[in-house]
Amino acid sequence: MTPPAPIITTDWLSRPAHVIAPALIGCTLVRQLETGQQVRGMIVETEAYGPDDPACHGYRGRTPRTQIMFGPAGFSYVYLIYGMYHCFNVVTDQTDVASAVLVRALEMVDPLPEWVPAKKRQHPHRAAAGPGKLCQVMNIDRQLSDRPLLPSESLWLEARSPSLQIHFDQGDRVLVQTTRIGLSQAQDVPWRWYLQGSPAISKP
DNA sequence: GGTAGGATTACG
DNA sequence: GTAATCCTACCT
């Protein structure tokens, strides 16, 4: 019997995004369905966005959308991009510090939920390879934005298994640090992390 | 009130 | 390479 993984708390997330982003690799995102079923995926790719970061939505100050990033750690920040996809972020750091981690890819562990189209089921390990695809698989949209990441909200994070060894240079899985994807500003900031060799990496 | 551009994706 | 599609932020 393996003990249940601890739920990740606000305290743990109240550190800078560039610290949390690599620490979330190997952790699990869990979605509770009304049927009682749970959809789980291991986080394998993240990006950090912080204050003084021109690529961060909160960089130009508070707006109705970005104020979530200034709020306390442990809340969800979900936004619509290109009119058709959602991106899921975990708010990090102290209150009043604009900061979040974008979760870019999951390795799905359980059977995929029934709303995933048959075409995507053909490659289950790629079903959540990308921030938009991840939100489709987990049924995340803006209704789930600005909510605490807790089981009571049907969406939460669980800690990495102690048996999973992730290191920058060695171990079961190698952690790679590189630059972020799709930006027009701060393209050289190396705040993207991913698990080397994961089939779910959105852009290897 | 108008509009440029976007932390994306799938298809050709 | 490029279309799809709509919200946000910023301008007048």
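Lettering follows sequence order; numbering is per chain, from 1.
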- Residue that, paired with A:Ser154, satisfies side chain to side chain contact (heavy atoms under 4.5 Å, CB included) out of A:Gln32, A:Gln38, A:Arg147: A:Gln32

- Message: What's the closest nucleotide to the side chain of A:Lys120 if the choices are B:dT8, B:dA7, B:dA10?
- Response: B:dA10

- Task: Measure from NZ or CZ of A:Arg180 to the centre of the six-membered ring of A:Tyr49, then state whether that distance is under 6.0 Å and the direction lies within 45° of the axis.
- Result: yes

- Task: Could you say whether the aromatic ring of A:Tyr49 and the base of B:dA7 stack, counting only centre distances under 5.5 Å and plane angles under 30°?
- Result: yes

- Applying side chain to side chain contact (heavy atoms under 4.5 Å, CB included), run through A:Leu13 and A:Val90 and close with a yes or a no. CA-CA 9 Å; A:Leu13 293 166; A:Val90 180; 3.9 Å; yes

Which pairs, protein N/O on one side and nucleotides 9-12 of chain C N/O on the other, fall under 3.5 Å?
from, atom 1, to, atom 2, distance (Å)
C:dA9, OP1, A:Thr63, OG1, 2.4
C:dA9, OP2, A:Thr63, OG1, 3.3

- Message: Other residues, nucleotides and ligands only: do more than 12 of their heavy atoms fall within 6.0 Å of CD on A:Gln143?
- Response: no

- Message: Check this for me: does any side-chain nitrogen of one of A:Arg31 and A:Asp110 sit under 4.0 Å from a carboxylate oxygen of the other?
- Response: no

- Note on the structure: Per-residue pairing states of DNA chain C in dot-bracket (Watson-Crick or G-U under 3.5 Å; . unpaired, | other strand) read ||||.||||||.

- Item | Steps toward side chain to side chain contact (heavy atoms under 4.5 Å, CB included) verdict (A:Asn139, A:Trp115) | CA-CA 9 Å; A:Asn139 199 25; A:Trp115 61 72; 3.4 Å; yes

- Using the rule for Phe, Tyr, His and the six-membered ring of Trp, do A:Tyr82 and B:dT8 stack at under 5.5 Å and under 30°? yes

- Query: How far, in whole Å, is B:dG5 from C:dT2 if one measures between their C1' atoms?
  - Reply: 16 Å

- By nearest nucleotide on DNA chain C, pick out whichever of A:Tyr85 and A:Arg142 is the more 5' one. A:Tyr85

- Task: Describe the nucleic acid contact of A:Ser184 in one word from base, sugar-phosphate, nothing, applying a heavy-atom distance below 4.0 Å.
- Result: sugar-phosphate

- Looking across every strand, which nucleic acid part, if any, lies under 4.0 Å from A:Arg192 by heavy atom: base, sugar-phosphate, or nothing? nothing

- Query: Parallel, tilted or perpendicular for A:Tyr77 and A:His57, by the 30°/60° rule?
  - Reply: perpendicular

- Item | Options B:dA10, C:dC7, B:dA7, nucleotide nearest the side-chain atoms of A:Leu80 | C:dC7

- Query: Given the rule in the side chain to side chain contact (heavy atoms under 4.5 Å, CB included) test, do A:Arg126 and A:Lys120 qualify, once you have shown the distances and angles that lead to the verdict?
  - Reply: CA-CA 8 Å; A:Arg126 296 284 302 168; A:Lys120 296 202 171 176; over 6 Å; no

- Message: From C-beta outward on A:Lys133, which listed nucleotide comes closest to its side chain: B:dT9, C:dT5, C:dT8?
- Response: B:dT9

